[in-house]
Amino acid sequence: MTKRNPFRYFKTSPEIIRLAVMLYVRFPLSLRNVEDLLHERGVDVSYESIRYWWHRFGPMFAAEIRRRRINRMRAFSTWRWHVNEMFVKINGEQHYLWRAVDHEGEVLEAVVTRRRDRKAALKFLRKLMRRYGRPREIVTDGLPSYGAALKELGAEALQSSGRWLNNRVENSHLPLRRQERAMLRFRRLRSLRTFAAVHSSVYNHFNQERSLSNRNIFKLNRAAALEQWRQLGAA
């Protein structure tokens with residue numbers, strides 16, 4: 001069965017659409033910033049077109065990236081997880097974005113809730129374990145909700161918490177925070193959920209752990225990631 005071309009009815013080339021989505025999600029740019037960057041390259045599109053492309057193709061690209069990586073990641077179910085929640089305001093109302101990364105900085109999951117209680121932590125951890133299995137260690141901060149949720153899951157012995165132990169996930173919040181400022185905050189809960197999911201996949205795809213490899217290997221990995229991105233959605 002031939003795969004349907006998702007760019008079939010679009011006048012703009014797939015290369016430009018992929019570039020616009022990558023610029024918007026990967027870098028802390030607003031829609032108008034992306035419009036200006038494309039204009040400098042001779043591409044005349046409106047920021048509203050970029051908004052439409054992002055909503056149409058962003059989740060599709062993220063799903064394809066996740067589908068390629070999930071089977072390989074599932075084979076390493078004994079990773080150490082770092083879990084934490086960040087505060088996000090939507091129209092003056094505070095929400096919580098729960099995020100988990102592994103010991104290498106790979107973003108595993110992002111879940112948005114209205115509360116920061118045992119029920120929310122349990123929902124987040126269950127989703128993690130259902131997708132990736134059970135790790136050897138789960139590093140958390142001092143929030144009591146984690147202990148209560150892990151106790152209900154029978155995994156309280158896996159929990160570790162302490163000063164500076166959770167810096168890896170705290171630092172992983174920073175790219176999303178920079179994008180939030182460029183977007184002048186999120187205005188809808190649905191937008192936050194969609195962007196957090198897409199941003200996680202794109203971040204994983206281009207994250208090369210530059211400090212762990214020499215310049216030549218980093219350049220090869222970066223070029224390979226960019227080439228894979230250019231193939232997303234290909235018929």
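Positions are given from 1 along the sequence.
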* Asked: Nearest 0.5 Å, what's the CD-CG distance between Q179 and L29?
  -> 7.0 Å
* Residue pairs fulfilling side chain to side chain donor-acceptor pair (under 3.5 Å) with at least one residue in residues 38-47, sequence neighbours excluded -> R32-Y47
* Asked: Closest approach of L122 and L153, non-hydrogen atoms and distance?
  -> CD1-CG, 3.7 Å
* Structure fact -> CZ of R66 to CG of N204, rounded to nearest 0.5 Å, is 8.0 Å
* Structure fact -> Exactly one of L143, N167, D141 clears side-chain contact (heavy atoms from CB on, under 4.5 Å) with N84, and that residue is D141
* Are D102 and Y132 close enough that some pair of their side-chain heavy atoms sits under 4.5 Å apart? -> no
* To do: Any chance you could lay out the salt bridge (charged side-chain N to carboxylate O under 4.0 Å, His left out) test for R230 and E15, step after step, and finish with the verdict?
  => CA-CA 7 Å; R230 289 169 178 162; E15 291 76 14; over 6 Å; no
* Any donor-acceptor N/O pair, R187 side chain to N91 backbone, under 3.5 Å -> no
* Check the pair Y52 / F57 against ring pair (Phe, Tyr, Trp, His ring centres under 6.0 Å), numbers first and verdict last. => CA-CA 8 Å; Y52 180 77; F57 294 102; 7.7 Å; no
* Structure fact -> Heavy-atom nearest pair, G233 first then F7, reads O-CE1, 3.6 Å
* Structure fact -> Value for CD (Q231) from CD (E227), rounded to nearest 0.5 Å, stands at 5.0 Å
* **Ring center gap for F195 and W54 short of 6.0 angstrom** => yes
* **Any donor-acceptor pair under 3.5 Å from Q94 side chain to V88 backbone** => no
* Hey, could you give me the CD/CH2 distance between E137 and W81, rounded to the nearest 0.5 Å? => 12.5 Å
* To do: Output all residues satisfying salt bridge (Lys or Arg N to Asp or Glu O under 4.0 Å) with K127, sequence neighbours left out; order by chain, then residue number.
  => E109
* How about V101 and L108: do any of their side-chain heavy atoms sit closer than 4.5 Å? -> no
* Asked: Can you tell me how far CG of L192 sits from CE of M183, rounded to the nearest 0.5 angstrom?
  -> 9.0 Å
* Establish, from distance only, whether the side-chain atoms of S145 and R116 form a donor-acceptor pair under 3.5 Å. => no
* **Heavy-atom closest contact (A110 atom, S200 atom, distance)** => CB-OG, 4.1 Å
* Taking all atoms of both residues into account, what is the closest heavy-atom pair of L125 and A149, and its distance? -> CD1-CB, 3.9 Å
* Take R114 and H95 through the side chain to side chain donor-acceptor pair (under 3.5 Å) test and state the conclusion after the steps. => CA-CA 5 Å; R114 297 179 183 273; H95 294 75; 3.3 Å; yes
* Cationic N near anionic O, under 4.0 Å, R126 to E152 -> yes
* Step through the shown structure and confirm whether more than 12 heavy atoms of other residues, nucleotides or ligands are within 6.0 Å of CZ on R177. => yes
* Roughly how far, to the nearest 0.5 Å, is CG of L226 from CE of M22? -> 6.0 Å
* Does some side-chain heavy atom of T113 sit less than 4.5 Å from a side-chain heavy atom of W98? -> yes
* Can you tell if the side chain of L176 reaches within under 4.5 Å of the side chain of L97, non-hydrogen atoms only? -> yes
* **Ion pair check, R68 and E64, cut-off under 4.0 Å** => yes
* For R188, does the CZ atom have more than 12 heavy-atom neighbours from other residues, nucleotides or ligands under 6.0 Å away? -> no
* Between the side chains of Y146 and E85, is a donor N or O closer than 3.5 angstrom to an acceptor N or O? -> yes
* **Cluster overlap V43 with L19, hydrophobic side-chain contacts below 4.5 Å** => yes
* For R168 and H103, indicate whether the former's side chain and the latter's backbone hold a donor-acceptor pair under 3.5 Å. => yes
* Asked: For S30, does its backbone N or O pair with a side-chain atom of N33 as donor and acceptor, under 3.5 Å?
  -> yes
* Heavy atoms, side chains only, cut-off 4.5 Å: are Q228 and I65 in contact? -> no
* Would you kindly confirm whether V21 and V107 end up in one hydrophobic cluster when ILVMFWY residues are joined by side chain heavy atoms under 4.5 Å apart? => no
* To do: Start with the C-alpha gap between E48 and R51, add the side-chain angles, then the distance that decides, and say whether side-chain contact (heavy atoms from CB on, under 4.5 Å) holds.
  => CA-CA 5 Å; E48 289 294 347; R51 186 198 307 275; 3.0 Å; yes
* Would a 4.5 Å heavy-atom cut-off, applied to side chains only, mark I138 and M129 as touching? -> yes
* Asked: How are the rings of F61 and W229 set to each other: parallel, tilted or perpendicular (split at 30° and 60°)?
  -> perpendicular
* Report yes if some heavy atom in the side chain of L158 is under 4.5 Å from a heavy atom in the side chain of L150; otherwise report no. => no
* Within a strict 4.5 Å, meaning less than it, do heavy atoms of the I217 and Q208 side chains meet? -> no
* Side-chain donor or acceptor of T194 paired with backbone N/O of R190 under 3.5 Å -> yes
* Structure fact -> Apart from L165 itself, its cluster of hydrophobic side chains linked below 4.5 Å comprises V139
* Take F27 and V34, measure what side-chain contact (heavy atoms from CB on, under 4.5 Å) needs, and give me the verdict at the end. => CA-CA 10 Å; F27 303 105; V34 177; over 6 Å; no
* State, to 0.1 Å, how close R134 and A155 come at their nearest heavy-atom pair, and which atoms those are. => NH1-CB, 3.8 Å
* To do: Check whether V25 and Y203 end up in the same hydrophobic cluster, where Ile, Leu, Val, Met, Phe, Trp and Tyr are linked by side-chain heavy atoms less than 4.5 Å apart.
  => no
* Please check if F124 and F87 belong to a single hydrophobic cluster, counting links between Ile, Leu, Val, Met, Phe, Trp and Tyr side chain heavy atoms closer than 4.5 Å. => yes
* Among the clusters formed by ILVMFWY side chains lying less than 4.5 Å apart, do L31 and I17 turn up in the same one? -> yes
